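In what follows, a single structure is set out as structure tokens and then discussed.
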Amino acid sequence: MQARARREMIGILGLLTALAPLAIDMYLPAVVGMAEVFHSDVAHVQWTLSSFLLGFAFGQMLYGPAADRWGRKRPLYVGLTVFVISSVGCALAPSLEMLTALRFFQAVGACAGGVIGRAMVRDCFELREAPRVFASLMLVMGIAPMLAPLMGTALLKVAEWHGIFWALTGAGLLAFVLSGLRLPETHRMEARKALGFGDVFLGYGQLLRDRFFMAHALAGGVGMAGMFTYISASPAVFMRNHGIPQEHFSWFFGLNALGLVLAAQINGRLLYGRAPRTILVRAQVAQSLAGVVMLVNAMTGFGGLLGIAAPLFVFIACQGFIMPSSSALAMAPQGARAGMASALLGTLQFSCGAMASYLVGLWQKSNTTDVPMPVVMLGCAVSGVVIYRALCPRHEQDT
């Protein structure tokens, strides 16, 4: 693939995978205000995030078999259409309950980009190159969580929270147009095959029994759960508990996203001399240690805000090493079932994220200290280490 075509493809795939981070992060500065508008509390508004993550996890199971059967682009068009229509519905939602339901369907549409993007990377790039492509995608999609809260804050100055969802509608339309005009179909016609329900269940069953796939999918999944714990819990921790103004919270959130992006790029360079598994294992250990420091500081109050913010930065940055390596390793052996593998990979990741987000939101209703966030995040990090060691074959761990 020529360099220009490669950059263009990565850019469009980055936009597609960025739709979910935009939909997740852009409305975070409005969470406290939305609770007042809907006469509710922050924890209930946070459940709109849990609903989104649940929809994102569920929807991916649909797009995987469709992408293997009908190619990559047609299912992508369906997903983008659902995203645009649901975003319009969110902008017009008259109640928090309706918004929560529509966020589920918005996520079902948004997840098409992630599933099909990973499958396209598998179609076009070999194992040694794929982690670097995933790292490049993380750079592109990392810009979304970095800019999204700032964009949301800017929109709130000229419009109410509805304007955020109108902006997401526009992003979905742009992705649709660019995909139609510039994105190639990467799934060869001869590789496609009809899939009945039995074939789909059989394919997913084989993946679930594949220890190598599950070790790397869950390693990324529990890491993702830790990150979504932070996304869900941070407005209450920093704006409510520490009194950070709405506009300053956006900059703080962007700084953590920048750490994630920089780590992903360092990861891409490290891959020239080190095995992806080595990087993955070391990043998991570093993330667990950062979680321990964050929890101790939250329980003792040592260091105040900085005592939480500094290890949190390290924790999130570690995802820049964990996600590209775990995704590339999970996808590398999948071949003709890359669509289903990508779907199950994303489903596992965002199911973990949805559960962690719901758990920390529920806990924060009864505990208004900083402790719930680092406890759940540390639990996710340690689970990643344990799961990888338990599932991945020993000879694979040491290579």
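Worth saying up front: this structure is predicted, and the values here are computed from it rather than measured.
- Tyr77 and Gly180 get closest at one heavy-atom pair: OH-CA, 3.3 Å.
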*side chain to side chain contact (heavy atoms under 4.5 Å, CB included) between His242 and Asp370, worked out*: CA-CA 9 Å; His242 291 275; Asp370 295 340; 2.8 Å; yes

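- No more than 12 heavy atoms of other residues, nucleotides or ligands lie within 6.0 Å of CZ in Phe58, so this atom counts as exposed by the packing criterion.
- Leu99 contributes atom CG, which lies 11.0 Å from atom CG of Leu92 (distance to the nearest 0.5 angstrom).
- Between the side chain of Tyr63 and the main chain of Val108, a donor-acceptor pair closer than 3.5 Å is present.
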*Just do the side chain to side chain contact (heavy atoms under 4.5 Å, CB included) check on Leu49 and Val31 with the steps written out, would you?*
CA-CA 10 Å; Leu49 175 60; Val31 165; over 6 Å; no

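- At least one side-chain heavy atom of Phe321 sits under 4.5 Å from a side-chain heavy atom of Leu270.
- In this structure, CD on Gln349 lies 9.5 Å from CG on Leu218, to the nearest 0.5 angstrom.
- Between the Arg277 side chain and the Ser325 main chain, no donor and acceptor come within less than 3.5 Å of each other.
- Linking ILVMFWY residues whenever their side-chain heavy atoms come closer than 4.5 Å, directly or via other members, leaves Leu174 and Trp166 in distinct clusters.
- Heavy atoms only, all atoms of each residue included: Pro311 and Asn297 are closest at CG-ND2, 4.3 Å.
- Distance check: Met214 CE to Leu345 CG gives 10.0 Å after rounding to the nearest 0.5 Å.
- Looking at Ser357, its side chain never comes within 3.5 Å of a backbone N or O of Phe228 through a donor-acceptor pair.
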*What's the verdict on side-chain hydrogen bond (donor to acceptor under 3.5 Å, both in side chains) for Gln60 and Thr347, showing C-alpha distance, side-chain angles and the deciding distance?*
CA-CA 6 Å; Gln60 295 185 73; Thr347 294; 4.8 Å; no

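- More than 12 heavy atoms of other residues, nucleotides or ligands shown are found within 6.0 angstrom of CD on Gln206.
- Interatomic distance, Arg240 CZ to Ser234 OG, rounded to the nearest 0.5 Å: 11.5 Å.
- Using a distance-only test at 3.5 Å, with no hydrogens or angles considered, a donor-acceptor pair links the side chain of Arg103 to the main chain of Ala23.
- Asn267 places none of its side-chain heavy atoms less than 4.5 Å from the side chain of Ile322.
- Hydrophobic cluster membership is shared by Ile244 and Leu312, with clusters built from Ile, Leu, Val, Met, Phe, Trp and Tyr side chains linked at under 4.5 angstrom.
- In this structure the side chain of Ile316 reaches within 4.5 angstrom of the side chain of Met377, judged on heavy atoms.
- Of all the heavy atoms in Ala219 and Val222, the pair that sits closest is O-CG2, 3.7 Å.
- Between Phe315 and Leu378, every side-chain heavy-atom pair lies at or beyond the 4.5 Å cut-off.
- Across Gly172 and Leu80, no two heavy atoms sit closer than the pair O-CD2, 4.5 Å.
- Within the 4.5 Å cutoff, the side chain of Phe165 has no heavy atoms near those of the Leu155 side chain.
- In this structure a side-chain-to-backbone donor-acceptor pair under 3.5 Å is present from Ser327 to Met323.
- In this structure the side chain of Leu16 never reaches within 4.5 angstrom of the side chain of Leu178, judged on heavy atoms.
- No donor-acceptor pair under 3.5 Å is formed between the side chain of Ser86 and the backbone N or O of Phe83.
- Taking hydrophobic clusters as Ile, Leu, Val, Met, Phe, Trp and Tyr residues chained together by side-chain heavy-atom distances below 4.5 Å, Val237 shares a cluster with Leu305.
- Nearest heavy atoms, Cys352 versus Gly221: CB-O, 3.4 Å.
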*asked:* Run Glu160 and Val37 through side chain to side chain contact (heavy atoms under 4.5 Å, CB included) and show every step you take.
replied: CA-CA 10 Å; Glu160 296 182 353; Val37 169; over 6 Å; no

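- Atom CG of Leu348 is separated from atom NE2 of His216 by 14.0 Å, given to the nearest 0.5 angstrom.
- Shown here for Phe313 and Asn256, the closest heavy-atom pair between the two residues is CA-OD1, 3.3 Å.
- The shortest distance between side-chain heavy atoms of Met61 and Tyr204 falls below 4.5 Å.
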_Audit row: Ile24, Leu53, side chain to side chain contact (heavy atoms under 4.5 Å, CB included) steps and yes/no_ = CA-CA 9 Å; Ile24 290 168; Leu53 296 178; 4.1 Å; yes

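- Looking only at distances, no side-chain donor or acceptor of Ser232 sits under 3.5 Å from a matching main-chain atom of Thr229.
- Between Leu96 and Trp47 the shortest side-chain heavy-atom distance does not fall below 4.5 Å.
- The hydrophobic clustering, which links ILVMFWY residues whose side-chain heavy atoms are closer than 4.5 Å, places Leu22 and Phe56 together.
- Once rounded to the nearest 0.5 Å, the distance linking CD of Glu36 with CG of Asp41 reads 11.5 Å.
- Under the 3.5 Å distance criterion, with hydrogens and angles disregarded, no donor-acceptor pair is assigned to the side chains of Tyr388 and Ser326.
- Put simply, Phe104 and Val82 are part of two different groups of oily side chains (I, L, V, M, F, W, Y) that touch within less than 4.5 Å, one to the next.
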